[in-house]
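In what follows, every chain begins at residue 1, and chains take the letters A, B, ... in the order their sequences are listed. Predicted, not measured: the structure shown is a model, and the values here were computed from it. Just so you know, these numbers use all the heavy atoms, side chains as well, and skip hydrogens, waters and symmetry mates.
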2 protein chains.
Amino acid sequence: MNAANLRARVRAEMTEEIKQVARRHLATDGANLSLRAVARDLGMASSAVYRYFASRDELLTALIIDAYDAVGEAAEQAAAGQGEPAERWVAIGHAVREWALANRHQWALIYGSPVPGYQAPQDTIVPATRVIMALAETIRSGLESGRITTFPPQPAGRFGEELAAVAEQFGPDVPPYLVGGGISGFIHLCGAISAELFGQLDNTIEDDRRGFFDWQMRATAAFAGLA
Amino acid sequence: MNAANLRARVRAEMTEEIKQVARRHLATDGANLSLRAVARDLGMASSAVYRYFASRDELLTALIIDAYDAVGEAAEQAAAGQGEPAERWVAIGHAVREWALANRHQWALIYGSPVPGYQAPQDTIVPATRVIMALAETIRSGLESGRITTFPPQPAGRFGEELAAVAEQFGPDVPPYLVGGGISGFIHLCGAISAELFGQLDNTIEDDRRGFFDWQMRATAAFAGLA
DNA sequence: GCCACAACGAGAGCACTGCTCTTGCACGTC
DNA sequence: GACGTGCAAGAGCAGTGCTCTCGTTGTGGC
């Protein structure tokens with residue numbers, strides 16, 4: 001093995017270790033992650049961490065990308081399952097919800113209020129779309145197999161054109177209103193999980209939140225046209 | 001006016017002034033509000049602020065309560081308008097959205113990820129319900145005037161019972177599934193606004209976000225049974 | 001009118017933060 | 001052996017939330 005490669009490998013391992021400890025701190029302390037505390041846990045000086053991440057924001061960005069990838073992975077695995085498109089849609093929802101429940105601070109990092117002063121760089125764009133792409137794929141497979149039976153109301157006006165522009169990226173025959181229904185379902189999905197995690201459901205639905213979520217996801221599936 | 005009242009009035013004015021400056025800082029710097037910076041802006045020592053708010057969290061709590069009240073006020077005013085229940089439902093949605101657009105950091109404070117280490121005290125519970133109460137009132141007036149035509153699918157299982165328990169607080173004849181539809185609509189409302197504010201709509205719907213929101217709100221109104 | 005008291009503001013100080021700069025060390029290459 | 005490079009450590013700066021103390025000032029009871 002080449003010496004340069006060895007260096008690179010050690011560096012990659014160290015980078016991963018920092019992220020791992022940072023994630024652990026995120027889980028206990030929440031979003032105001034202390035770089036110094038992470039360094040202390042690793043038994044190194046705080047300044048040494050700056051060899052790996054130029055700033056606290058850059059560390060946060062790395063965590064954000066990883067979180068997008070993790071939840072996207074969960075969604076894609078659920079989407080790859082068997083069953084009718086509508087069932088797969090609901091399954092994606094449950095997979096995302098369960099990931100969020102298990103990693104609530106990472107969820108807050110990506111779908112909660114943006115960290116103040118933090119500007120998401122370009123690197124986050126592609127991983128950020130994996131969940132909604134899994135949902136979109138479900139709709140398209142429903143279209144192809146003739147499983148789209150009901151339809152959302154036609155969008156009218158300028159945003160209908162914008163939906164049409166987005167629809168073109170998916171294929172020539174994808175109706176804009178289905179794209180709207182998909183985005184709307186994704187928004188409802190995110191809203192339902194955030195509401196549960198951020199305490200909006202307290203004092204109303206306490207026991208069977210999974211059931212309530214399931215009920216909502218079936219409604220979004222129906223709205224998106226999935227039989 | 002007696003002297004004690006005068007003192008109390010000066011204190012109330014000072015408290016209000018601190019909150020005002022804090023809100024201004026919130027609007028520019030985001031959620032990591034600096035108590036020292038607020039004090040500097042007011043030309044006073046940072047320690048003096050602690051005469052009015054025992055901690056930064058307490059100041060945040062005051063801002064949160066004010067924000068809940070402000071958005072609740074906007075929702076109630078929209079709900080008091082004329083028109084069919086479905087129109088009032090949509091009007092509430094637009095009022096809340098416009099308030100959120102004008103006060104995005106306050107929105108993030110109440111509906112975004114919770115501030116780390118911050119535990120919402122009891123004082124916030126009642127103001128927090130004003131928006132959803134305005135929506136609920138719309139459904140109930142629709143029920144009374146026979147404007148409920150379609151119905152959400154029946155919730156089954158434990159969460160259906162929980163919905164029934166919530167429904168009893170509204171009156172003897174409110175069906176649980178309408179409560180579910182209302183909560184679901186509220187969740188979708190919050191999700192749609194948060195998605196717009198927190199950047200989830202970037203690169204898809206850019207121009208006519210109001211139209212897209214309107215389209216979604218009409219769908220939630222229909223799901224909640226409002227004709 | 002006087003006096004005790006509570007409220008108040010200012011300042012110093014503690015422990016913490018992100019981040020920078022300099023220094024010293026351990027390498028592989030020439 | 002000299003050199004350059006990547007790395008870690010430490011000191012230091014400016015900022016933070018919060019506490020404590022001290023002097024001042026206004027207020028209510030006598």
Side-chain angles (χ1 to χ4, degrees), chain A residues 1-19 21-22 24-26 28-64 105 109 114-119 121, chain B residues 1-19 21-22 24-26 28-64 105 109 114-119 121:
Chain A
M1 168 171 317
N2 186 327
N5 282 354
L6 181 89
R7 256 200 210 288
R9 213 190 59 180
V10 169
R11 186 180 175 83
E13 277 173 14
M14 194 68 208
T15 306
E16 200 52 47
E17 203 167 340
I18 292 174
K19 285 199 289 184
V21 174
R24 218 171 51 218
H25 272 144
L26 207 65
T28 60
D29 297 349
N32 48 5
L33 180 68
S34 161
L35 222 146
R36 286 180 114 114
V38 171
R40 265 198 305 275
D41 257 30
L42 285 163
M44 67 201 298
S46 68
S47 54
V49 179
Y50 285 85
R51 297 270 168 198
Y52 299 89
F53 297 95
S55 69
R56 182 173 159 278
D57 273 9
E58 199 173 295
L59 174 56
L60 275 179
T61 300
L63 294 180
I64 286 173
H105 285 100
L109 207 56
V115 183
Y118 171 80
Q119 189 67 2
Chain B
M1 170 173 318
N2 99 18
N5 281 353
L6 180 93
R7 180 123 86 176
R9 211 192 59 184
V10 169
R11 186 182 172 81
E13 277 173 11
M14 195 68 208
T15 306
E16 200 52 49
E17 204 167 338
I18 293 173
K19 285 199 289 184
V21 174
R24 217 170 53 218
H25 272 149
L26 207 63
T28 59
D29 297 348
N32 47 4
L33 180 67
S34 161
L35 222 147
R36 286 179 114 113
V38 171
R40 265 198 305 274
D41 258 30
L42 284 162
M44 68 200 300
S46 68
S47 53
V49 180
Y50 285 85
R51 298 274 172 201
Y52 299 89
F53 296 95
S55 67
R56 183 173 159 278
D57 273 10
E58 198 172 296
L59 175 56
L60 275 179
T61 300
L63 295 180
I64 285 173
H105 285 100
L109 208 54
V115 182
Y118 171 81
Q119 189 66 3

Could you list the donor-acceptor pairs under 3.5 angstrom formed by side chains in residues 35-50 of chain B, with sequence neighbours left out?
{"residue": "Asp41(B)", "atom": "OD2", "partner": "Arg24(B)", "partner atom": "NH2", "Å": "3.2"}

Between [X] ([atom1]) and [N] ([atom2]), how many Å, whole number?
{"X": "Ile18(A)", "N": "dG18(C)", "atom1": "CD1", "atom2": "P", "result": "13 Å"}
{"X": "Tyr52(A)", "N": "dC19(C)", "atom1": "OH", "atom2": "P", "result": "18 Å"}
{"X": "Arg11(B)", "N": "dT27(D)", "atom1": "CZ", "atom2": "P", "result": "15 Å"}
{"X": "Met14(A)", "N": "dA8(D)", "atom1": "CE", "atom2": "P", "result": "6 Å"}
{"X": "Leu59(A)", "N": "dG18(C)", "atom1": "CG", "atom2": "P", "result": "10 Å"}

Self-check item: Base-contact (B) and sugar-phosphate-only (S) positions in nucleotides 9-22 of chain D, heavy-atom cut-off under 4.0 Å, - elsewhere
Solution: BB-B---BBBBB--
Quiz item: For Phe53(A), which contact category applies under a 4.0 Å heavy-atom criterion: base, sugar-phosphate, or nothing?
Solution: nothing
Hey, what do you get for [atom1] ([X]) to [atom2] ([Y]), rounding to the nearest 0.5 Å?
{"X": "Phe53(A)", "Y": "Thr61(A)", "atom1": "CZ", "atom2": "OG1", "value": "10.0 Å"}
{"X": "Leu33(A)", "Y": "Asp29(A)", "atom1": "CG", "atom2": "CG", "value": "8.0 Å"}
{"X": "Leu60(B)", "Y": "Arg56(B)", "atom1": "CG", "atom2": "CZ", "value": "5.0 Å"}

Quiz prompt | Those residues that, when tested against Glu16(A), pass salt bridge (charged side-chain N to carboxylate O under 4.0 Å, His left out) (two or more places apart) | solution = Lys19(A), Arg23(A)
Quiz prompt | Net bend of the helix from dG1(C)-dC30(D) to dC30(C)-dG1(D), end axes of five pairs each, nearest 10 degrees | solution = 0°
Quiz item: Given the rule in the side chain to side chain contact (heavy atoms under 4.5 Å, CB included) test, do Asn32(B) and Asn32(A) qualify, once you have shown the distances and angles that lead to the verdict?
Solution: CA-CA 9 Å; Asn32(B) 47 4; Asn32(A) 48 5; over 6 Å; no
Self-check item: Residues that Arg51(B) engages under side-chain contact (heavy atoms from CB on, under 4.5 Å), provided they are two or more places apart
Solution: none
Quiz item: Which heavy atom of Ala22(A) sits nearest a heavy atom of Leu63(A), and at what distance?
Solution: CB-CD1, 4.0 Å
